[in-house]
Number of protein chains: 2
Amino acid sequence: MDSITVNKGQILQRKGDLNTKVYLVESGLLRSYTIDEKGREHIFMFAPKGWIVADNLSADEPADLFIDVLEEAVLVVKEKQIESEPHLQKMVNRLGVLQKRVIMLMSASAIERYEHFVNTYPDIVQRVPQRMIASYLGITPEALSKVKSEWLANR
Amino acid sequence: MDSITVNKGQILQRKGDLNTKVYLVESGLLRSYTIDEKGREHIFMFAPKGWIVADNLSADEPADLFIDVLEEAVLVVKEKQIESEPHLQKMVNRLGVLQKRVIMLMSASAIERYEHFVNTYPDIVQRVPQRMIASYLGITPEALSKVKSEWLANR
DNA sequence: GTGGTGCATTAATCTAGATTAAGAAATGCG
DNA sequence: CGCATTTCTTAATCTAGATTAATGCACCAC
């Protein structure tokens, strides 16, 4: 198992990168984060010794996250493989969904979260009461009702 | 593979339950959610056909989530097993961490999130600038500084 | 039909946290 | 060392979304 040493400040992965790797931290400290459209940084995860850092996305999607080095670190680098085992593939999928959800909760406004939800799960929107969608988005039903009507007014 | 049919409104799992199962949705619609200390409901996930619902925690921990039935559903029920394969175990772990993170972001105030972070990752707190912790918590450095000093004042 | 229960909407008010700005403290670097 | 950069704090103001409350609807059960 070959490992590499990386220096503080080094950037291991950028948003949009393809062929991203999986990093197992043997020592030191990494972090993964996004930068949103307004230029704000949102840390997704700190990775001390023993943690794994990677985009929780399948190997063929471009990265959502930046990964950089907070403290000089020793890493084991692994290739991502397209997951063949269906059970494992489902787990990778779930991780991806949750990663997107966390980023959404940290960086998007109520209306942006709503639009994203409608685009991602158009069928669910039809099937559950609006208050449940609000609950999923982390806002109150009143707030959802309000932002939706404001959104309609501005167009 | 034996499957069961469950009715709308039926509760399959409650917060605190042990020996929870994994549900694969063949048809219908489930949801998983928490209820926080203030009695507010936060939906963690909707599960339509093809999705898996379960607490993303290892088999021996009590459940964080309620699971109930939104539309009459047909389910395949599986026992959770204590994951022997270390790679898989890590993935289950990551799912658990992200689940907790999502719930935290949806239901806790800035100071509560900070306290939880300090308790969960005491070493990280020492090693990174406060503005990065703020970024991880989804708040601004100014807000973190403020709530910390308010918290200190009230004791 | 009537009454009840849950859901959506609107409006008024409130508040946690964002934004902006400035200064002080800490850290790093030539 | 001394200068520059980053970090932290405080304070004033602003705003997205929470809270509270009232109204109208739809859907059921009886």
Side-chain angles (χ1 to χ4, degrees), chain A residues 7-11 29 31 33-43 46 68-72 104-118 124-154, chain B residues 7-11 29 31 33-43 46 68-72 104-118 124-154:
Chain A
N7 295 319
K8 181 172 172 168
Q10 209 172 318
I11 296 178
L29 185 61
R31 73 168 170 161
Y33 60 101
T34 32
I35 299 179
D36 67 25
E37 333 74 55
K38 289 145 212 144
R40 288 176 307 202
E41 218 174 86
H42 304 277
I43 296 182
F46 294 108
D68 70 6
V69 182
L70 297 182
E71 292 171 6
E72 180 176 283
M104 193 59 45
L105 285 169
M106 288 200 298
S107 63
S109 68
I111 191 65
E112 289 165 342
R113 301 211 288 271
Y114 179 69
E115 289 190 79
H116 179 264
F117 182 81
V118 171
I124 303 284
V125 178
Q126 313 300 102
R127 291 160 70 186
V128 306
Q130 199 134 290
R131 60 175 194 83
M132 287 197 186
I133 297 173
S135 169
Y136 181 90
L137 298 176
I139 61 177
T140 59
E142 294 85 353
L144 179 52
S145 195
K146 189 181 173 185
V147 295
K148 275 180 67 180
S149 73
E150 284 165 3
W151 180 83
L152 277 171
N154 298 332
Chain B
N7 295 318
K8 180 168 173 171
Q10 209 172 317
I11 296 177
L29 185 62
R31 73 171 171 160
Y33 59 101
T34 32
I35 299 178
D36 68 25
E37 333 73 57
K38 289 145 211 144
R40 288 175 307 204
E41 216 176 87
H42 304 277
I43 295 182
F46 294 106
D68 69 8
V69 183
L70 298 182
E71 294 172 5
E72 180 177 281
M104 195 56 48
L105 286 168
M106 289 200 296
S107 63
S109 69
I111 191 65
E112 289 166 343
R113 301 212 286 271
Y114 178 70
E115 288 189 81
H116 178 264
F117 182 81
V118 171
I124 303 283
V125 179
Q126 314 299 104
R127 291 159 72 187
V128 307
Q130 197 135 283
R131 59 176 193 83
M132 287 198 187
I133 296 173
S135 168
Y136 180 89
L137 299 176
I139 60 176
T140 60
E142 294 86 352
L144 180 53
S145 196
K146 189 181 175 185
V147 295
K148 276 179 67 180
S149 73
E150 283 165 4
W151 180 82
L152 278 172
N154 298 334

State the CD-OG1 distance between Glu41(B) and Thr34(B), to the nearest 0.5 angstrom. 8.5 Å
Considering all heavy atoms, the nearest His42(B)-Met106(B) contact: CE1-O, 3.4 Å
CD1 on Ile124(B) to CG on Leu29(A), rounded to 0.5 Å: 5.0 Å
How long is the straight-line distance from CD1 of Ile111(A) back to CD1 of Ile139(A), given to the nearest 0.5 Å? 8.0 Å
Looking at every strand, decide which applies to Arg113(A) at a 4.0 Å heavy-atom threshold: base, sugar-phosphate, or nothing. nothing
Between Phe46(B) and Met132(A), what is the shortest heavy-atom contact and its length? CZ-O, 3.8 Å
Rounded to whole Å, the CG-P distance (Leu144(B) to dT7(D)) equals 14 Å
To the nearest Å, how far apart are Lys148(B) NZ and dC8(D) P? 8 Å
Rounded distance (Å) that lies between atom C1' of dT9(D) and atom CD of Glu142(B): 9 Å
Taking for each residue the nucleotide of DNA chain C bearing the nearest heavy atom, is the 5' side occupied by Met132(A) or by Ala110(B)? Met132(A)
Quick one: pull up CG in Asp68(B) and CD in Gln10(B) and give me the separation to the nearest 0.5 Å. 10.0 Å
If you walk 5' to 3' along DNA chain C, what is the first nucleotide with an atom under 4.0 Å of a heavy atom in chain A, and what is the last? dC7(C) to dT19(C)
